[in-house]
Structure formats: structure tokens, C-alpha cells
A.B. asks: 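I'd like to ask some things about the structure below.
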Amino acid sequence: MSTVPEIHRFTSIRPPKVTFIGATAIAALGLIVGSWVFVLGADRVQSQPFFSVETLERGGRFLQALLGIGSSSTPAFAQWAAWQDTARLAYQTLAMSVLAIGIAALIALATFMFGASNIMRGELAPYRSWVWGSGFFVVRAFYTFTRAIPELVWAMLIIFMFAPGLLPGALALGIHNAGVLGKLSSEVVEGLDTRPLLALRSSGAGRFQVLAYGVLPQALPRFITYLFYRWELIIRTTIVVGFVAAGGLGLEFRLSMSYFHYTTVTLLLIWYLVLVVAVDLIAAVLRRMAR
Amino acid sequence: MSLASLESSRTEAAQAVSLSGLSKAYGPIEALAPLSLTVAAGETVAILGPSGSGKTTLLLLLSGQLGPSSGAVTLVGREIAQLSPGKELAQLVGMIHQQFDLVPNISALHNVLAGRLGEWGLFKSLVSLVWPQDRPMGMEALARVGVADRAELRAGRLSGGEQQRVAIARLLLQDPAIVLADEPVASLDQARAGEVIRLLVRIARDSGKTLISSMHSVELARAHFDRLIGLRNGIVQFDLPSSQVADDMLLALYDIKGLRRED
Ligand SMILES: Nc1ncnc2c1ncn2[C@@H]1O[C@H](COP(=O)(O)OP(=O)(O)O)[C@@H](O)[C@H]1O
Ligand SMILES: [Mg+2]
């Protein structure tokens, strides 16, 4: 690079150049200001203002109830028996999440290569046939469908077929995440460097051998990264799926809220914290091993 | 030009490559003007020329990865258009690029063994990803290119020079009659570049293979190859034994004036 344009940049007056990052920052600022204007402005329309002494008082009272302040009985999170009872639920929740990510991984792993346009329709396609090419749309439509329906809705639908329990909960989480994982992984394949793949091809590898030696090894590390990331999300989502009688900590959470057992709610939240941190740690260890 | 006499002095069978009226245009750009030449089996040929002169285009035509606009490529007596891509073509011709030939996430050994994929069925190739098949063969090739100690490392972890050596080792297993290389050492430092070119040429000579390589380094090309072909704007400027290529020919070849703009 010559230094001339450098000098030019500081001495001449040019219209400010809007970069992508700059535009993003302006848009973000606009959204923040706009949404607060909306929220505060809505005070006049709503019966309940956003900021008021009442909401603050109510919030304070709920917080006290969660902490067991002002109640005569021992809070649940200070009772050893309560911990023992809920430990079983935490274990069930963990089991549900493992089952769910297993289901998602299996479905995504079996299909993601067929959801990549370069493999189905592009330069890496084993067949140039119409049937093979349309397989891409079938797989992508499946991903969109499973991904578009939220976990909670999947759970509500599946409960109709199965008795309430961990399995339908895991199925609901698994199906939704299969779509997410599949789409992400297909896009990894679409973004792969094709040079090593074409080199494999020209050194005599058949088209399926190229998939096994070039595509899979390059896509798998990213797939595993996504897998652990989704597992962390699934652990948190079990609470939502649990609401519709799918069991585990989620169901207990809803019941405790309905029965005003607020200190149990606190205990369950602590369990969630423990689970999320544990999954985080396990995922970190496994990720390092996979690398 | 003594092309006609050269051609007649060689027998049909000893010809590794024969081009007749081969040309290539990308839309309005004529990347390669009609070209006829032959390369004898076992010959080592370097293609020289400034960037954009058509070296890569010529090599891609020779490897069958690109179809010509006119003319034909004949490899060891068989016309390339008649060969099925994949295994059949891979037995005749193999290619090394400047970079990025290897799959970065699998070991050097697996990359080398991939040279056997044309021989293996799909099942054996899948098994080999877990239990490497024909391992002694792969290790021997790695030893020949001097990186046996890197066998278990992922290819992406290797240095540029080591990666090119592994790519050469894969060619050893693929075992084509003709080896093509497109500026195989352009991404390496001078010392490494010399080593790898020496290795490539020695292996080609030892196993009687025909080697055609484009080169960005005139010195290396002159020192190690039998024959030099100078390309400029898609037109052959000279095609001579290395010893007969004079300095002024090379100066004219790379002269900026009259060079087709490339962008
Ligand atoms: N895929 C392509 N599409 C259009 N033009 C191309 C393409 N590949 C090469 N060219 C053009 O053809 C000419 C020869 O290119 P190339 O064979 O890559 O030369 P070299 O390898 O000697 O640098 C150049 O002018 C280049 O711009
Ligand atoms: Mg080139």
C-alpha cells in the first residue's frame, strides 16, 4: 500500500462513509430509544403504568415470598428433605435433555448432507437427476416445519399421543432442535471450501467417497459445537415443556406457582442454575475432547 | 520452430500427452490460443509465463477438469473426452495445486490414503476412516516425501511445505501416468520451494512419470525441468529444452508492455 491515500484521507473533506457496523449501531440505538419512548408513552393508554409505586411494591412482596421472608414455616430451600425430593426431578430433567439432544442429533446427522444445496444441486452433486435435486427441498421443508413450531407447541401436540411424561417432552424438544441443528449443519456444508473436495474427486474418489472423506470430516466439528450449544438451550427449555405435564422440574415449577409454594419455586430455580452450569462445564470438557 | 521434427522423431506409443488445436475461451477472453504439441512419456516440462497468461487454463484442460473450446487432448493414446471422470481419468492423470489440496480435518495419513479411493469400494473407504487400510503403503509414501513423522497430525496443522509433500504422497498412491502441478510451490518460501520441486521432479523421474508443472520461479524451472514452455497472453512464445532458453527470451516473456490487462 502506498501512503498517498492515507494522507488524502486526513486532509480532504469527504462525505462520511456509512459502514455496515456504523449502520448497525445507528439502527440499534434507534430501536432502543424508540422502544423506551413506546413503553413510557403506553403508560397513558394502559390501565397500569409501567413504573409505579404499586408495581414496585408488588415486586418487592413477591421477592420476599420467594425468599421465605415473613413466613412462619422453614423455606423449602433450607430443608434437606425438599432438596432430596427435587434432586430426582433435576435428574429427570437432565435425562430429558440428553434424550432430546440425542433425538435431534440422530435426525440431523442422518439428513444434513441432503439439505445442502451444493451436494444436492451444485458442483458436488452425485447425481444430476431431478429426483435427487428435489430431495434438497424436501429436507429443507422438513427443517423449516420442525423449526417453525416451538417446543411448547410440539409438546402440546405430542401429549395427545403419549401419556404425559419425560419421553413426550424429550420428543418435542428433539424434533424442534432437529430442524435447527439440521439447518445450521446444512449451511456449514454449503460454506465448505470446495478445493479439497474437487482435489479428492480428481484423485479418483467417487462422489460418495468425497462426502465421507471431504465433507463429513470438515462439517463434523462444527456440528458438534452446535450440538453442545443446543443442549444448553434445551436444558433451559425443559422448564417450558414441563409446564404441559411433561414432567421434571418444569411441571413442579408450574404446580408450585399455582399452590403459592414460592420458596419451592426458589429451590427449583437454584436447581436450574446448577443444571445449566453443570451442562456448561460438561459441554466445555466434551468440546475440548472433540477438538 | 522444430516442432514438426520433434513430433516425427517420437513414436506414437511413447507420447504421454498430445494436444491438437487445443484452445479455450472464457466468453470473449481467449485464455488459450489454438495450441498443438506433444510431451513424451517421462519428460519433465515447466510452463512459464506472467500471471493471466493461461497456465492454469492449460493444466485444467490437460487434467480434464475443464472442457476445451476447440481441439482435443490425448493422454497416453486415449482422448480425454472419451474417458469417464473419476477413476478412469485418475489412473491417467493426477494434479497438485498451489494450496488447499488436502482435507484439513483428517490426518496426513488419511489424506495420503485417499489416493487409494479410486481402488477401494465405498465400504472399504468407510472402514478405513476408523481402521486405516493399506497403511504400510501410505507410510511408505509419507517416508518417501520425508514427512513420515507427521502421519498422525491433522493436515491443517502442517506447514505449507509439509502439506505439499503430503499432496505429493497422495499422488504416489494414486499412481497416475501423468502428474500435473499448478505452481505447486508458489506459496512456499524459497528454500522450501526448492526442496519440494527437487522432490517432485526426482519422484517423477524415478517412477518414469511425465511431469508438467506451471512455475512462477524461472530459476527453479531452468534448474530442474527438461523442457520449458513460455506462455504469454495465451500464446506459446517458446517451447525448448531448458538449456536452450536464453535470458532475453525470458525477459521478453515477462515484459509488462503489451501484456493483457487482467482484472
Ligand atoms: N473461470 C474463468 N472465467 C473467466 N475468465 C477466466 C477464468 N479463468 C481464467 N480466466 C482468464 O483467462 C486468462 C488466463 O488465466 P489463467 O489460466 O488462470 O492464467 P495463469 O494461470 O497463467 O495466471 C486470464 O485472463 C484470466 O483472467
Ligand atoms: Mg494460475
Side-chain angles (χ1 to χ4, degrees), chain A residues 1-2 109-110 112-114 116 118-119 122-129 132 184-228 286-291, chain B residues 59-60 62-66 84-107 110-130 154-156 163 166-176 179-180 182:
Chain A
M1 275 275 171
S2 75
L109 200 60
F112 79 92
M113 291 232 239
F114 307 106
N118 52 352
I119 285 179
E123 57 184 336
L124 301 172
Y127 309 110
R128 294 245 159 252
S129 78
W132 184 261
L184 289 172
S185 311
S186 293
E187 278 167 3
V188 168
V189 173
E190 287 175 351
L192 283 187
D193 185 355
T194 52
R195 287 171 296 191
L197 308 178
L198 296 174
L200 273 179
R201 185 93 186 96
S202 77
S203 64
R207 296 182 186 274
F208 286 103
Q209 289 171 321
V210 171
L211 296 189
Y213 275 71
V215 176
L216 203 58
Q218 290 197 82
L220 224 45
R222 294 280 294 282
F223 177 81
I224 289 170
T225 305
Y226 290 146
L227 200 67
F228 289 131
L286 289 178
R287 250 195 302 250
R288 194 161 312 144
M289 272 163 57
R291 200 174 295 140
Chain B
L59 288 167
L60 289 177
L62 289 177
S63 72
Q65 285 168 277
L66 196 67
S84 68
K87 188 180 164 183
E88 211 177 12
L89 194 58
Q91 285 172 343
L92 280 182
V93 57
M95 186 152 174
I96 305 176
H97 301 89
Q98 186 178 327
Q99 249 179 318
F100 311 115
D101 273 338
L102 306 179
V103 180
N105 315 76
I106 59 178
S107 69
H110 278 309
N111 268 289
V112 171
L113 292 175
R116 295 284 293 159
L117 289 176
E119 299 295 316
W120 293 347
L122 184 59
F123 182 72
K124 190 170 180 183
S125 352
L126 291 177
V127 170
S128 180
L129 279 174
V130 185
R154 272 181 229 171
Q163 292 193 16
V166 173
I168 294 172
R170 180 164 78 192
L171 271 183
L172 281 171
L173 262 69
Q174 183 189 337
D175 198 26
V179 172
L180 305 176
D182 190 12

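Per chain, numbering begins at 1; letters A, B, ... match sequence-line order. Please read these numbers as outputs of a predicted model, since none were measured by experiment.
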A.B. asks: Specify whether F112(A) and F223(A) have parallel, tilted or perpendicular ring planes, treating 30° as the upper limit for parallel and 60° as the lower limit for perpendicular.
C.D. replies: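 Judged by the thresholds at 30° and 60°, the geometry between F112(A) and F223(A) is parallel.
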A.B. asks: With only heavy atoms counted, which part of L102(B) is less than 4.5 Å from chain A, the side chain, the backbone, both or neither?
C.D. replies: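 For L102(B), the backbone is the part near chain A, not the side chain.
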A.B. asks: Go through the atoms of R170(B) and report whether side chain, backbone, both or neither lie under 4.5 Å from a heavy atom of chain A.
C.D. replies: side chain
A.B. asks: I need the residue from G214(A), A212(A), G204(A) with the largest number of non-hydrogen atom pairs under 4.5 Å to chain B.
C.D. replies: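 The residue among G214(A), A212(A), G204(A) with the greatest pair count is G204(A).
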A.B. asks: Should L200(A) and Q209(A) count as side-chain neighbours, where that means a heavy-atom distance under 4.5 Å?
C.D. replies: no
A.B. asks: For residues A114(B) and S203(A), report the shortest heavy-atom separation together with the two atoms involved.
C.D. replies: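 Heavy atoms only, the tightest pair is O-OG, 4.4 Å.
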A.B. asks: With distance as the sole test, does Q163(B) use its side chain to make a donor-acceptor pair with the main-chain N or O of A155(B) at under 3.5 Å?
C.D. replies: yes
A.B. asks: Relative to chain A, which segment of S125(B) carries a heavy atom at a distance below 4.5 Å: side chain, backbone, both, or neither?
C.D. replies: both
A.B. asks: Given side-chain contact (heavy atoms from CB on, under 4.5 Å), test R116(B) with K124(B) step by step and report yes or no.
C.D. replies: CA-CA 10 Å; R116(B) 295 284 293 159; K124(B) 190 170 180 183; 5.6 Å; no
A.B. asks: Most heavy-atom pairs under 4.5 angstrom with chain A, which of L129(B), L173(B), L122(B)?
C.D. replies: L129(B)
